[in-house]
Colleague: 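For reference, the structure I am asking about is given below.
Atoms considered below: every heavy atom in the structure, side chains included; atoms not considered: hydrogens, waters and symmetry mates.
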Amino acid sequence: MTSTKGYTKPTHGLFPFIPDPWVPYAELMRLDRQAGFWAFYWHYLIGIGFAINIPPFSHDLEAKDLALLAAHLWVWTTVFRGITCTWNDNLDQDFDRQVARCRVRPIPRGAVSTLQAHLFTAFLTAIGAWILLPFGESTLVHATIDTVLLFIYPFLKRCTNYPQVELGFGLSYALFLVTAMVGKDPVAPLLDPSSDLPLLDRAVQVAQDPLFRAAAALYGAGIIWTVIFDTIYAHQDYVDDLKAGVKGLAVRLGRKGTKPACCVAAAVQVYLLVLTGQLAGFGEAYYAVSCAGTAVTLARMIWVVDLEDGESCAWAFGPGSGYVGTAVCAGLFADFFVKKYGY
């Protein structure tokens, strides 16, 4: 049974120029909701900042080169988010019909069929592969791994209270995709088909590399950050999720337990950012902005959010989390320009 009750066609952004038959597909891509775009894109910007700072230092990269790479990843993120959101909505359509915020999405309201959504996912996947094709095979391998990680996510909401953790594994994996794009993939030996070393020996070699450890620490920080903001975000649907049987950390922790858990997670995230800097040899600008700035912005976000107010939870997911992303990125890029120009 489908219903359009409560649905209003978006009128902002590109939507006035999109033909009506295409509007549901644009909604599947979440082109009407930019906060979720940044939940993906911050990890790519962080990946750029990390990749250009690790050895060999990217002396030859100018600001325009970074802007072009960021723009290319903007396009990729738009398509990749569309792939994962369409897949998620298709699998979650029965749950979405029971959640007030989600029941007017294209599939639950009947604007797009299950088959049409799967075909659209396949179409976007082909477009995404074409976007990354110029960057080589290893980038495509990482994109495939990332896609699998995020395709698993909706299944976990049915059987575990920790789907946000797996979502973090998917979103933060952007770090490895970006390092591969710039030719500094810390796990490259594992993906090298020409190597004579057994896979286990290559894994040991990678694990002993300080740059891989730095990447792993930053990856972990990204996972925890995702867990924090997505758990808070899920409190928008807390009551409906309890009724529908949707699992997640918001349901597991409850409204009393979420903030204390987020405080502990935030402390671990900042520790991992500091560890990243130590392992990668980052400078003072990174510690002052990426580490200290993240600690301050995370503390403020957790302190001020009202878990019983949907708008407040949405703020934490969007602008509130954006301050954290800005801090991490600003420190990484500041460190790069300090080293490049000797400020």
Side-chain angles (χ1 to χ4, degrees), residues 37 40-84 87 121-152 169-219 222-223 276 279-280 329 332-333 336 340:
F37 169 85
F40 280 72
Y41 190 57
W42 281 122
H43 293 281
Y44 290 96
L45 292 179
I46 291 169
I48 294 174
F50 177 78
I52 61 179
N53 274 298
I54 60 175
F57 185 76
S58 301
H59 286 286
D60 56 333
L61 279 180
E62 301 294 339
K64 65 178 182 180
D65 301 315
L66 295 176
L68 286 172
L69 180 57
H72 201 104
L73 285 167
W74 179 285
V75 177
W76 157 253
T77 301
T78 301
V79 174
F80 185 55
R81 182 183 176 218
I83 295 168
T84 58
W87 174 263
T121 301
F123 170 74
L124 290 177
T125 301
I127 296 296
W130 178 77
I131 291 170
L132 294 182
L133 192 61
F135 294 94
E137 184 178 344
S138 62
T139 301
L140 290 173
V141 170
H142 283 301
T144 302
I145 294 170
D146 202 0
T147 302
V148 171
L149 288 172
L150 288 175
F151 273 21
I152 293 171
F169 275 93
L171 293 186
S172 190
Y173 196 84
L175 172 69
F176 295 101
L177 188 148
V178 177
T179 53
M181 290 177 75
V182 300
K184 299 184 184 180
D185 184 1
V187 298
L190 286 176
L191 306 177
D192 183 7
S194 64
S195 176
D196 294 329
L197 288 175
L199 181 61
L200 180 60
D201 291 341
R202 281 183 276 161
V204 171
Q205 181 184 42
V206 167
Q208 292 175 341
D209 184 355
L211 292 182
F212 168 76
R213 294 180 180 179
L218 187 56
Y219 181 44
I223 293 169
T276 299
L279 291 167
C329 291
L332 286 165
F333 285 107
F336 172 75
K340 182 175 175 65

Colleague: Please report the interatomic distance CZ(R81) to CG(L150), rounded to the nearest 0.5 Å.
Modeller: 12.5 Å
Colleague: Once rounded to the nearest 0.5 Å, what's the spacing between atom OG1 of T125 and atom CZ of F123?
Modeller: 10.5 Å
Colleague: Heavy atoms, side chains only, cut-off 4.5 Å: are W130 and V79 in contact?
Modeller: no
Colleague: Considering all heavy atoms of both residues, which atom of L279 and which atom of P210 are nearest to each other, and what is their separation?
Modeller: CB-O, 3.9 Å
Colleague: So do the side chains of I83 and W87 get within less than 4.5 Å of each other, counting heavy atoms only?
Modeller: no
Colleague: Tell me if a side-chain donor or acceptor on D209 pairs with a main-chain N or O of P186 at a distance below 3.5 Å.
Modeller: no
Colleague: T77: which residues meet the side chain to side chain contact (heavy atoms under 4.5 Å, CB included) condition with it, sequence neighbours left out?
Modeller: F37, F40, Y41, Y44
Colleague: Under the salt bridge (Lys or Arg N to Asp or Glu O under 4.0 Å) rule, collect the residues that match up with E62, sequence neighbours excluded.
Modeller: K340
Colleague: Where is the tightest heavy-atom contact between F212 and A207, given as atom of each residue plus distance?
Modeller: CD2-CA, 3.9 Å
Colleague: Are any non-hydrogen side-chain atoms of T147 and T84 less than 4.5 angstrom apart?
Modeller: no
Colleague: As an exercise, state the distance from CG of L191 to CD1 of I145, rounded to the nearest 0.5 Å.
Modeller: 6.5 Å
Colleague: Measure the spacing between CG of L124 and CD1 of I131 and express it to the nearest 0.5 Å.
Modeller: 9.0 Å
Colleague: What pairs with V182 under side chain to side chain contact (heavy atoms under 4.5 Å, CB included), at least two apart in sequence or on another chain?
Modeller: A51, L69, K184
Colleague: Donor-acceptor pairs are to be reported for all side-chain atoms of residues 169-179 against protein atoms at under 3.5 Å, with residues two or more places apart or in another chain.
Modeller:
{"from": "S172", "atom 1": "OG", "to": "Y219", "atom 2": "O", "distance (Å)": "3.0"}
{"from": "Y173", "atom 1": "OH", "to": "H142", "atom 2": "ND1", "distance (Å)": "2.6"}
{"from": "T179", "atom 1": "OG1", "to": "L175", "atom 2": "O", "distance (Å)": "3.2"}
{"from": "T179", "atom 1": "OG1", "to": "F176", "atom 2": "O", "distance (Å)": "2.9"}

Colleague: Should V148 and F151 count as side-chain neighbours, where that means a heavy-atom distance under 4.5 Å?
Modeller: no
Colleague: Kindly indicate whether the side chain of F333, heavy atoms from C-beta on, has any atom under 4.5 Å from the side chain of I48.
Modeller: yes
Colleague: With sequence neighbours left out, what residues match L197 under side chain to side chain contact (heavy atoms under 4.5 Å, CB included)?
Modeller: S195, D201, R202, Q205
Colleague: If the condition is side chain to side chain contact (heavy atoms under 4.5 Å, CB included), which residues does L61 pass it with, not counting sequence neighbours?
Modeller: I52, S58, D65, L66, F336
Colleague: Determine the minimum heavy-atom distance between I54 and A280, stating which atoms define it.
Modeller: CG2-CB, 4.3 Å
Colleague: Could you tell me the separation between the NE2 atom of H43 and the CG atom of L73, rounded to the nearest 0.5 Å?
Modeller: 13.5 Å
Colleague: How about L211 and P55: do any of their side-chain heavy atoms sit closer than 4.5 Å?
Modeller: yes
Colleague: What's the shortest heavy-atom distance between L45 and A70, and which atoms?
Modeller: CD2-CB, 4.2 Å
